[in-house]
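So that the names make sense, note that chain A is the first sequence line, chain B the second, and so on, each numbered from 1.
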Number of protein chains: 2
Amino acid sequence: MNSKLYRGSLETIIIKLLSENKEMYGYEITQLVKEMTLGELQITEGALYPALHKLEAKGLLDTSTRSIGNRYRKYYSLTKKGEKEKRVLFEEMAIYLNSMQLLLNPIKVK
Amino acid sequence: MNSKLYRGSLETIIIKLLSENKEMYGYEITQLVKEMTLGELQITEGALYPALHKLEAKGLLDTSTRSIGNRYRKYYSLTKKGEKEKRVLFEEMAIYLNSMQLLLNPIKVK
DNA sequence: ATTTATACCTAAGAATCTTAGGTATCATGA
DNA sequence: TCATGATACCTAAGATTCTTAGGTATAAAT
């Protein structure tokens, strides 16, 4: 289910989803991640909301709160700064994945 | 260099290297990881040694200390329990990598 | 003779998560 | 109707895993 490997990748996941969906609210993110990973990755709200608030505080995300009947949703979207950071995070992820590939599936030269 | 993505993968890396090299000592692990990842991943000793001690305490690793001249090295090797855990860790890594693939490089159906 | 590499270690603090709550609305089935 | 589950937000305490910054000591290199 949720191994400790996910530690550290939450911000990248959030940024990625927001770069493709323009606007999403927290609960929606948890559901989409669960769906996309076929139930493997279930983001807990205790991890998600602080992460969203942190990204907003860093200026990577904007929010707009909207009423849905008597309820509300807080929609998040990428700022320009967030777009820039996206490239950094993707590059880091690519390097990480490549390094893990080199370590775990090394090309046997012998 | 060292992004936070590496968090959580250290144990898996150690187990993998020990499953291929029979015996390794701490410093050797840091050097091999650095070499294999082309300098990308530099394991700090402050992370490595506590991790080795923890794996030993869990019964996944055995140690044998050997004198090399006036110095010593502490060699680590996988126990049978470590061999079993290896499969678990590899499976978790496979699931994690697959989930990240699904999230970050989704197949466009549209 | 001093610096760099080898080789082990620990402790304090930071970062990121899990767990376990809390509040409230809305829909559904017994 | 009314209890449960889904939706939707949130926080705080504690756990885990790392970084940073030390410490000790031998061997090699400059």
Side-chain angles (χ1 to χ4, degrees), chain A residues 1-15 23-35 39-58 60-61 63-76 89 92-93 96 99-100, chain B residues 1-15 23-35 39-58 60-61 63-76 89 92-93 96 99-100:
Chain A
M1 185 85 80
N2 252 7
S3 78
K4 65 186 166 183
L5 293 171
Y6 294 102
R7 267 178 186 272
S9 26
L10 182 54
E11 285 194 3
T12 304
I13 291 169
I14 292 170
I15 297 284
E23 270 198 330
M24 294 187 79
Y25 55 97
Y27 188 78
E28 188 181 14
I29 292 176
T30 66
Q31 300 308 302
L32 182 56
V33 166
K34 189 169 155 188
E35 187 190 310
E40 285 300 338
L41 179 46
Q42 312 213 11
I43 295 179
T44 60
E45 300 189 338
L48 179 68
Y49 289 114
L52 286 171
H53 300 162
K54 188 185 160 199
L55 289 172
E56 187 185 4
K58 286 203 286 182
L60 306 182
L61 302 186
T63 63
S64 71
T65 301
R66 305 213 200 115
S67 290
I68 310 291
N70 276 24
R71 304 166 70 168
Y72 74 103
R73 284 180 188 157
K74 206 165 156 187
Y75 283 88
Y76 289 88
L89 290 177
E92 283 179 356
M93 178 60 78
Y96 167 71
S99 291
M100 291 313 288
Chain B
M1 184 85 78
N2 252 8
S3 78
K4 64 186 166 183
L5 294 171
Y6 293 101
R7 267 180 184 271
S9 25
L10 183 53
E11 286 195 2
T12 304
I13 291 169
I14 291 170
I15 297 285
E23 272 198 328
M24 294 187 81
Y25 54 98
Y27 187 77
E28 188 183 13
I29 292 175
T30 66
Q31 300 307 302
L32 181 56
V33 166
K34 189 168 154 188
E35 187 190 311
E40 284 300 338
L41 178 46
Q42 311 214 12
I43 295 179
T44 60
E45 300 189 338
L48 180 68
Y49 289 114
L52 287 171
H53 300 160
K54 188 186 161 198
L55 290 172
E56 188 186 2
K58 285 202 285 182
L60 306 182
L61 302 186
T63 61
S64 71
T65 300
R66 304 210 201 118
S67 291
I68 310 290
N70 276 23
R71 303 165 72 167
Y72 74 102
R73 285 180 188 158
K74 206 165 156 187
Y75 283 88
Y76 289 87
L89 292 177
E92 283 179 356
M93 178 60 78
Y96 167 70
S99 291
M100 291 312 288

[N] OP1/OP2 closer than 4.0 Å to side-chain N/O of [X]:
X        : N       : value
Tyr25(B) : dA7(C)  : yes
Arg73(A) : dA8(D)  : yes
Lys54(A) : dT16(C) : yes
Lys4(B)  : dC18(D) : no
Tyr27(A) : dT7(D)  : yes
Tyr49(B) : dC8(C)  : yes
His53(A) : dC9(D)  : no

Item to check | Global bending angle along the helix from dA1(C)-dT30(D) to dA30(C)-dT1(D), which compares the axes of five pairs at either end, to 10 degrees | outcome: 10°

Which part of the nucleic acid, if any, lies within contact of [X], taking any heavy atom under 4.0 Å across all strands shown: a base, the sugar-phosphate backbone alone, or nothing?
X        : value
Gly26(B) : sugar-phosphate
Leu10(A) : sugar-phosphate
Glu28(A) : nothing
Arg71(A) : base

Checklist entry - Start at the 5' end of DNA chain C and walk down; is the nucleotide closest to Ile68(B) or to Pro50(B) reached first? => result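 Here Ile68(B) is the residue nearer the 5' end.
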
Checklist entry - Is Arg7(B) side chain donor-acceptor paired with the dT16(C) base, going by distance under 3.5 Å alone? => result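 No such pair is found, so the answer is no.
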
Next on the checklist: Applying side chain to side chain contact (heavy atoms under 4.5 Å, CB included) to Leu41(A) and Ile13(A), what does each step give before you reach the verdict?
Outcome noted: CA-CA 11 Å; Leu41(A) 179 46; Ile13(A) 291 169; 3.8 Å; yes

Checklist entry - Once you round it to whole Å, what is the distance between P of dT6(C) and CG of Asn70(B)? => result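 Atom-to-atom, Asn70(B) to dT6(C), this comes out as 18 Å.
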
Item to check | Inter-residue atom distance Leu61(A).CG - Leu55(A).CG, 0.5 Å rounding | outcome: 4.5 Å

Next on the checklist: Here's one to test your reading of the geometry: is the NZ or CZ of Arg73(B) within 45 degrees of the ring axis of Tyr27(B) and under 6.0 Å from its centre?
Outcome noted: no

